[in-house]
There are 2 protein chains.
Amino acid sequence: MSEKLPTTPSSGDLVAGAVSQISAFIRKNQLKPGDRLPSEAALTESLNVSRTVVREALRSLAAMRLIDLGAGKRPTVAELDDSSIAMTFRHGLFTDQIDIRQIYDARRTIEGRTATLAALLRTEKEADEMLGFARAMQNRLDQPAVVMENDLALHLAIARASKNPVFALMIGAFQGVIVESWPIGWRARATDDEREAMNRLHLDLAEAIAASDPQAASTIMDRHFDQSLRALARAGLT
Amino acid sequence: MSEKLPTTPSSGDLVAGAVSQISAFIRKNQLKPGDRLPSEAALTESLNVSRTVVREALRSLAAMRLIDLGAGKRPTVAELDDSSIAMTFRHGLFTDQIDIRQIYDARRTIEGRTATLAALLRTEKEADEMLGFARAMQNRLDQPAVVMENDLALHLAIARASKNPVFALMIGAFQGVIVESWPIGWRARATDDEREAMNRLHLDLAEAIAASDPQAASTIMDRHFDQSLRALARAGLT
DNA sequence: TGCGCAAACTTATAATACAGGTTTTCAAAA
DNA sequence: TTTTGAAAACCTGTATTATAAGTTTGCGCA
């Protein structure tokens, strides 16, 4: 960690330059999650900018979740994380540039695929975990918070079982936003029968994946989204 | 813009608190892209933190592309933008948490859907634009940079024609990363025949969408990805 | 009414100070 | 020799002050 970073000829924005240099540093030195970056003082020197600029650059990288910061600790390379993507979606929703239906439509597209892949690639442990979530929902149909938690956990488990972190990233990001509309869909399922039906699909889904039946898994997932979108539509959406 | 922001009892991180309060401010006041936020000085006062903290918070929001900053200008609410999502994917690639194949697999899943939707929802103007990109590629098979530019533009145009900004966001983000692997796939298509074939598919795709044939569009898109992934595999991937 | 310029306002960057975490080091104890 | 504990060195979080430079606003003049 003793090398100098190349000095930028620079342009208008010092912070932007620092961000890209630090990002390049991570790449060039092939740093992995957990690895430490140079201290602010060291970066101040090697980038030839004030500590103010270095700090704002580090904050920017932390906001995008490329690094982790902590008092007294040197910055470290961060684990892949969906919260920054979730922020983008959330911003789109808050500013009316996206609506919930569009999020669900994207989810449906992706989750049809993760269901298929999960059925093909899931480990025994993953299959058990999914069944656990589905059953946990069934036992607590009177507690929306618990149902939601297990609902989301099941979908995320399926995404992970697809063995493609890109899918897990996206599904995780969607969930960071869906938390706010989930209760609406739940309330729209007014009767116990409807709630039972929703849970039935979750159980069937987990079972199809456990049975390594990609066709069935994907079909059930699709039906599940039909149902969810209908519920949201009934509730007035947006 | 004269209201006070609620004071946070706050926890450990002042910057994080400021970020969420400013984000909440945008939501509460229903600000839209282009709308101006309070000045740093005003935020310093309403949030009861130093200007240092306010600036780092604003930088964080700018890094996630929720706001735009500029010298002398008040911060403004930003248009939806994919660059922050692209950074997440790029980080995943640089740190070996994602590989190119996984990106392509996610793309294939999404673009099968955007092709279908585009065939159903495209306007005449969008159809013409797509055909334009496909033809531009054909005429410049000797100039990789031009081919790539039109390739990406075509795929993005299809995503936009799906009328779901979530898809456009994702495809745009992928492209911000794919730029670096594209030349590899191109070089792997060594013969003119192979390059012709690739272009053929692009043309067929644009035509299927122009003909409002969702089935064909989706099928061709899938074949296109088969071809691309084969090319990358031949080149050794990553 | 329209134009242009100066004043007021705002952000960009730097430098300094200090409080409070974390890591490293080193010597004493087991 | 290994372990432990605490001090020293190092590092980040936040605040304050200064100054340069970009943008907006508004007033006065044509």
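Sequence lines set the chain letters: A, B, ... in the order given, protein chains first and strands last, and positions in each chain run from 1.
Qualifying side chain to side chain donor-acceptor pair (under 3.5 Å) partners for A:S60, counting only residues two or more places apart in sequence or in other chains: none. Partners of A:H155 under the ring-ring contact (aromatic ring centres under 6.0 Å, His included) rule, at least two apart in sequence or in another chain, are A:H202, A:H224. Residues meeting the salt bridge (Lys or Arg N to Asp or Glu O under 4.0 Å) test with A:R51, sequence neighbours left out: A:E40. With sequence neighbours excluded, the residues forming a side chain to side chain donor-acceptor pair (under 3.5 Å) with A:K32 are B:D96, listed by chain and number. Residues satisfying the ring-ring contact (aromatic ring centres under 6.0 Å, His included) test with B:F167, not counting sequence neighbours, are none.
Applying the salt bridge (charged side-chain N to carboxylate O under 4.0 Å, His left out) test to every pair with at least one member in residues 166-187 of chain B, sequence neighbours left out, gives these pairs: A:R27-B:E180, B:R90-B:E180. Applying the ring-ring contact (aromatic ring centres under 6.0 Å, His included) test to every pair with at least one member in residues 53-76 of chain A, sequence neighbours left out, gives no pairs at all. Listed by first and then second residue, the side chain to side chain donor-acceptor pair (under 3.5 Å) pairs that reach into residues 160-169 of chain B are B:E126-B:K163, sequence neighbours excluded.
For the pair A:L37 CG and D:dT12 P, the interatomic distance rounds to 10 Å; values are reported in whole Å.
Residues from residues 55-65 of chain A placing a heavy atom under 4.0 Å of any atom in DNA chain D, listed by number, are A:R55, A:R59.
If you run side-chain contact (heavy atoms from CB on, under 4.5 Å) between B:L156 and each of B:D151, B:T114, B:I171, only B:I171 comes through.
Of the residues near DNA chain C, A:G70 and B:E40, the one whose nearest nucleotide (by heavy atom distance) lies more toward the 5' end is B:E40.
Rounded to 10°, the helix from C:dT1-D:dA30 to C:dA30-D:dT1 has 10° between the axis fitted to its first five pairs and the one fitted to its last five.
We find that B:R113 and A:D105 are joined by a salt bridge, their nearest charged nitrogen and carboxylate oxygen being less than 4.0 Å apart. Ion pairing between a basic and an acidic side chain is recognised when a charged N comes within 4.0 Å of a carboxylate O; A:D13 and B:R59 show such pairing.
Side-chain contact between B:L43 and B:L58: present, with at least one pair of heavy atoms (C-beta onward) separated by less than 4.5 Å.
Among the nucleotides D:dC11, D:dG13, D:dG22, the one closest to any side-chain atom of B:A71 is D:dG22.
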I'd like a table of atom pairs between the protein and nucleotides 15-17 of chain D - only N or O on both sides, under 3.5 Å - with the distance next to each one.
unit_1, atom_1, unit_2, atom_2, d
D:dA15, OP2, B:S50, N, 2.7
D:dA15, OP2, B:S50, OG, 2.6
D:dA15, N7, B:T52, OG1, 3.2

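Both the sub-6.0 Å distance and the 45° axial angle are not jointly satisfied by A:R101 relative to the ring of A:Y104.
Mapping heavy-atom proximity under 4.0 Å, the span of DNA chain C touched by chain B runs 5' to 3' from C:dT10 to C:dT13.
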